[in-house]
Amino acid sequence: MSESVEKVKAPSEPLFSKKNKKLITDPLSDNNPITIQVLGICSALAITVQVEQAFFMSASVLFVLIFGNLSISLLRNLIPSRVRIIVQLVVVASLVIIVNEVLQAFVPDVSEKLSVFVGLIITNCIIMGRFEAFAMGNKPWPSVLDAVGNAVGYAWILLVVAIFREVLGSGKFWGMEILPQGFYEMGYMNNNLMILPPMALIVVGIIIWIQRSKNPTLVEEH
Amino acid sequence: MKALEKIIHNLDPKFEKGGKWEKMYPLYETLSTFLFTPKHVTKKGAHIRDGVDLKRTMFMVVLALIPCLLFGIYNTGHWHYEIQSYVNPALEGYRDYLTGFGDKVIYGLIKVLPLVIVSYAAGLAVEFVFGFIKGHGLHEGFLVSGMLIPLTMPADVPLWMVAIATIFAVVIGKEVFGGTGMNILNVALTARAFLYFAYPTAMSGDKVWKSGTDDMLVQAGNVMPDGASGATALGDLASFVGDSPVVAGKVMSSSDDLVAAFESAYDPIHAFIGMIPGSVGETSTLAALLGGAILIFTGVASWRIILSFFAGGMLFGLLMNGVGANAYMDLPGYYHLIIGGFAFGAVFMATDPVTAAQTSWGKIWYGLLGGALTVLIRVLNPAYPEGIMLAILFMNVMAPLIDHYVVQTNIKRRQKRFKTA
Amino acid sequence: MAINKESNAYTFGFSIFLVVVVGAILSSLSLGLKPLKDKNAEVKKQIDILNAIGVDADRSNAQELYAQYVGNNTFVVSAQGEKLEGEDAFALDVQKQHRDKTIAEEARKFPVFVANKDGQTMDVLPTVGKGLWGPIWGFVAVGDDMETIVGASFDHKTETPGLGAEIKNTSFEEQYIGAKMTSNITVVKDGSGKLDAQKVDGITGGTITSKGVEEMMNRTMAVYAAYFSKTKI
Amino acid sequence: MESTLDIFVKAIFSENMIFAYFLGMCSYLAVSKTVKTGLGLGVAVIFVLGVTIPINYLLENYVLKEGALEWLNPEYGINGSSTINLSFLSFIMFIAVIASIVQLVEMLVEKFAPALYGALGIFLPLIAVNCSILGGALFMQDRQYSTMTDAVAFGLGSGIGWLIAIVFIAAIREKIRYSNVPPALRGLGITFIITGLMGIAFMSFMGIDY
Amino acid sequence: MSKTVKLRKGLDIKLVGEADKLKVDAPMPASVALKPTDFHGLVPKMVAKQGDKVKIGSVIFYDKYNEAIKFVSPVSGVVEEVVRGAKRKILEVRITPDAQEDAVKHEPKDPASLSGEEVKAAMLENGLWPFLKQRPLDIVADPNVEPKAIFVSAFDSHPLAPDYDYIVHGQDQFFQNGLNALAKLTSGKVHLTLNGNVPADATFQNAKNVQINKIFGKHPAGNVGTQIHFIDPIDKGQFVFTVNPQDVVAIGKFFAEGQYDPTRIVALTGSEVKNRKYYRTIVGASVTGIVNDNLESENVRVISGNALTGEKIDRNGYLGFYDAQITVLPEGDQYKFFLTKGWLGPGFDKFSSHMLFPTWLMKNKKYRLDTNMNGEERGFVVTGEMEKVMPLDILPMQLIKAVMTKDIDAMELLGIYEVAPEDFALCEYVCTSKIDIQEKIREGLDLIKEECM
């Protein structure tokens, strides 16, 4: 579940040096948190029925991860190692609470649909994983970039799955009908199975299939 | 035949590696091995081999399905005219099962053959795509699936749905595991379950079981005429909650009345022969048993699974009679075996050797649990009156675990010999 | 600075510091956002009630419309059909009450929202029941005569899309208009709902959910009918 | 109103943590290669859920939720406690409880039941990050179970459902080792697809009325 | 304490072409070969060179990894050629016999009076040791281990198998002598298992110093693996040795006469042979002399051994070291049109364990089977067919899958130590998916040998 600790120790490099760019681009495909590292799946799939939910979920993870990585990175020299994990937990939990409160206050309908899954961001392995693997050992700026990279890597998978499921399952995108009425008149029907949980897994499976077929270096040995 | 053999095998070099039509090899292999058992000989080990091969085995299953198919064609035609008769007085005589035999057969053919063709076309197309990728010809598994799929569909299901479901089942249900012999869920059931959950209105409810119910309703002003019903037997039974059970349009006051009424509406003999509405090929227990007899006799299907499946259903049905908490549970146990595709599922679906349990004892447990689960879902789960499909899928998922424990038992038993010896 | 990061005192101090800071941030945020959250919940309920009397409302205008049509004209009825005094109908969460096993059925409370639309007085009655997968609920509006249904809106959490979920559809809801709440309203399958005011055509393939609505309506409406029959006299 | 049995069976099948909510997927994917380890982790999950759900239930009902602190009133001289709503703290409290309980359980088991520790020991640390535990607590809060019995039934049911899921997939993964899965799907991909197909098969239990 | 075993599973394959009970002397072969390939996994180290003159009993090569095991010449003559294959692997050592019968001679001894070590040393030195095979692994016995038992199966139940009762008839003395020698090699028992279906020859009936067991049932009742499984099974870390009855006679003769006895009685069988008899010939003899001019048709396969487990050899190939049978079958390299002879044909000429052919009606019909695969290789689809012909309490399909996935733990648990490829010959025969199962099992055993022994 955890991966080797990456250390980036360049004293003064430009804000978007090659190395820093890699921090962002790597998690988008070759080291994608969901399809390659198998992290954060718990909360990822249940809320991909509609693009809207997936978007807010991704945004929440982005927020939590950026600020979490940032604060852990800032505090990294102050945290006593014995209570390290607890401190990390407290930081995530607090950030998630903030997100939850804000969602409840400003987008109550979405918040209701996300129900417990906002809370489950706490146990989203990506977050603790990045704290432990990256932010504890790196300066704030790379940590933020790393957070952005991972959160976006998480987000695009979520959004793709959600687009598939919403368009095929409900004929909608972000709650708006997008399939022409003529389709339905010709006998087309929405695929209800797409809305049911099993299809989320199968869609991710297919994404992995495509991704790894394109890049055979990612193939696992059974 | 020699001439044909010559013509075909003169083409061999063109399709082999480096040949002109190398890319078409899978297609060629499929055709040539269909026409001629290849001249491959054994190399070492057993120099002689049993005459059986997968083609003959699978062909036997397709053969065993023919009674179900034929009966299904007729049954489809019959129920079409039956439901039409409520708006077209000229057809009233057709309510009798055997009147209008020719018309019914023709109608059935028109409805059922396209299903069969679409199922085979879609499935074989996918198989060929994967065959081309992997460079081999067609493996025989789909020959059976392709026939099973249409038989599990209501006759009115749109053809594009059959095509999508077949493609889904073959790709996700089979090819991702590496093709014939490697899958975990029965391909035909995967297709059926896919449609059942994806397009429930086309696969369940009261309007799909008798072909043409929708047309009839339009003519009748969207009100079901007196005496007409579009439900399956199980649907009828499941269509109530609480105190107002309704069978064949009559409100029942107690569960005894209900069972009595059910028996008169669905005479056991009729149900056994299959004279009830339902999916194309699943209604006739008789036809399924005929096929089952062929399969058991030839050893293609495991008698352990079939017998224990029936036993499991019967025993659990009796157990439920004892509990009797709802009217459904009071249904005599044997009814479960003759309605709603029980026999069809037990004979043709549960016995799929790839997805069933693979050890001898495992098969018995698999069958018993599967039969019991079917009845359990029927009596307890009002959402899925046709319990057998999901029960078998669930058992497919469970089969590896059953096998795991049977294998563990074997290992323990053999280890024990050394301790006591 | 030579602070020993691993010392007990430091660890302890750090922890306390963290807890205080986090606690302060979180509670102030929570307090700050509380009015907004409360309002959201309130508005949601208002929209539902407004829908039952056929007023289209969204989050932006719900409060305004609610004040216009309903206002504070609410009261609570007991399971025996008696009016209860001193209860806040709006704050009563009927769903929670329905789920709470510690409250006996006889002790349940039934709120009534009296609305006024186009000169007609309507009583909006919440109702809660069980569908196929989870809870279903709705609001029913009863007209001047205190027995004819003039509006209904249903909702659910987890019913099957395309099947059970169709109870949300206006075409299903509208079938209830004109039915008498004083006697049973049956959900039927044969399409005869169009012919009989007391019958409603069920959702094809959504039998269980339809039957759930039937059960929910008959159970709740009986209580209100008992109350209305007393008031009418 | 759901019966306790209803809650229990639902939690096992139709609201299965894995197939319906994908909770605890990380360890589900990582530890399902053989039936034996799957079983070990599954038992550990049941155990921890069985312990943490009741504790979190008490926490929720006597500390966190709106009016939960009513019991402080008034003999202890604290006024207005019935309006205190600490539910915004529930995430942090739940996760703290879970983390410390897992620690505590690990120590206790090691001390008093070394045999059990041998079987579960390696799995217990994995559990703290298993979403199904926090998920269980959050669902318990969300669904507002009205009695302790219901909450425990839910907790145990969820655990058993999780165990069933992991043991089933472990057996399937043992079986498909012989299969010729396309390379790109090996490992993770095929496991996702199998889980999806299992989810379809598990839907047979949805809507069962007990 | 003798044991009686009854098998309920198994399959007798009835072929045309049993050998008549008639012993004839084959002409002295023009060439004889010692084939290292008969001894699985053996890496030979040559002692004799091309052109060397050798006697009966002269060492030709020894085992590179176990130098004590010597392999000796069955004839006196000249080493003509060392035939090598890919990577210079030695395939055959061909010897041209001369007319003299020079032999390496020793004092005759009564094995009963020797110690175990002495018996072992004599057997190793004089090329008798390779007669012993060991389980697990089914390879030449390792002289460094002590077997917990030694098994001799008194009959062969393979299709067209030679009748050992007939072959050893009258050799009571030598057979008993051989058993006495074997008894010295183990502290456990020597088991002699008789066919329960027919009365055995007096040679077997009256054997002493052994435990005599009976086994009833169809093939593979005669397989020594089956007998071990039911009479005295082996666990991981245990060993048993097995010997053919005719080789027991050879061992007995060596001690009685003081010289290596290369003669063997071999049954010539199969539908494609005209003169089917028992021929007295020599271990490793070229089969040309008895096969040529003795065939019904030209397109044939000559097998040293039986149709299920034997080795394909040329028409001028050599008899295998352990074989007492030559089988000649029609080669099946023709296309078969699907409606006549192919997969959908009536199949009156096909013997099948499945009821998919009408031939199950003809219980006693004998078949002229050819070597066609009768189908193409597929993934495992049909289940339960192997279990029907596998009398051992071993799950054949699971074990084969474990081998195919190279899962050593599972192989061990499922019983790989107990089996030899020949125990799976029937599984291979009935397999609908046409998988070469014996080969797989051998691969599994090789893997076990490499990783665990």
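All chains are named by letter (A, B, ...) in the order of the sequence lines, taking the proteins before the strands, and each is independently numbered beginning at 1.
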Handout entry: Sole residue of I305(B), T359(B), I402(B) in side chain to side chain contact (heavy atoms under 4.5 Å, CB included) with W365(B)
Key = I402(B)
Practice task
Please state whether the side chain, the backbone, both or neither of Y405(B) comes within less than 4.5 Å of a heavy atom of chain D.
Solution key: side chain
Exercise for the section: Go through L185(B), I184(B), V176(B) and name the one with the most non-hydrogen pairs under 4.5 angstrom from chain D. Expected result: V176(B)
Fill in the blank from the handout: Turns out that what part of L401(B) lies under 4.5 Å from chain D's heavy atoms comes down to both
Handout entry: Part of L197(D) within contact of chain B (heavy atom distance under 4.5 Å)
Key = both
Handout entry: Rounded distance (nearest 0.5 Å) linking atom CG of L189(B) with atom CG of L148(B)
Key = 8.0 Å
Practice task
Please find out if less than 6.0 Å separates the ring center of Y145(D) from that of F154(D).
Solution key: yes
Problem - Spacing of CE belonging to M395(B) relative to CG belonging to L393(B), to within rounding of 0.5 Å - result: 11.5 Å
Handout entry: Contact leader toward chain D among I172(B), I392(B), I133(B), where contacts are heavy-atom pairs under 4.5 Å
Key = I172(B)
Fill in the blank from the handout: Under 4.5 Å to a heavy atom of chain D? For V354(B) that would be backbone
Handout entry: Aromatic ring proximity, centroids under 6.0 angstrom, F139(D) and Y21(D)
Key = yes
Practice task
Scan residues 163-186 of chain B for pairs that pass salt bridge (charged side-chain N to carboxylate O under 4.0 Å, His left out), counting only residues two or more places apart or in two chains.
Solution key: E127(B)-K174(B), K134(B)-E175(B)
Exercise for the section: For A191(B) and A165(B), work out which heavy atoms get closest and say how close. Expected result: O-CB, 3.6 Å
Practice task
Determine yes or no for a side-chain-to-main-chain donor-acceptor pair under 3.5 angstrom, with N16(D) supplying the side chain and G161(D) the backbone.
Solution key: yes
Practice task
Tell me, for N183(B) versus chain D, whether the close heavy atoms (under 4.5 Å) come from the side chain, the backbone, both or neither.
Solution key: backbone
Exercise for the section: Quick one: pull up CZ in F194(B) and CZ in F168(B) and give me the separation to the nearest 0.5 Å. Expected result: 5.5 Å
Exercise for the section: Please list, in residue-number order, every residue in residues 162-172 of chain D that has a heavy atom less than 4.5 Å from any heavy atom of chain B; write 'none' if there are none. Expected result: V167(D), F168(D), A171(D), I172(D)
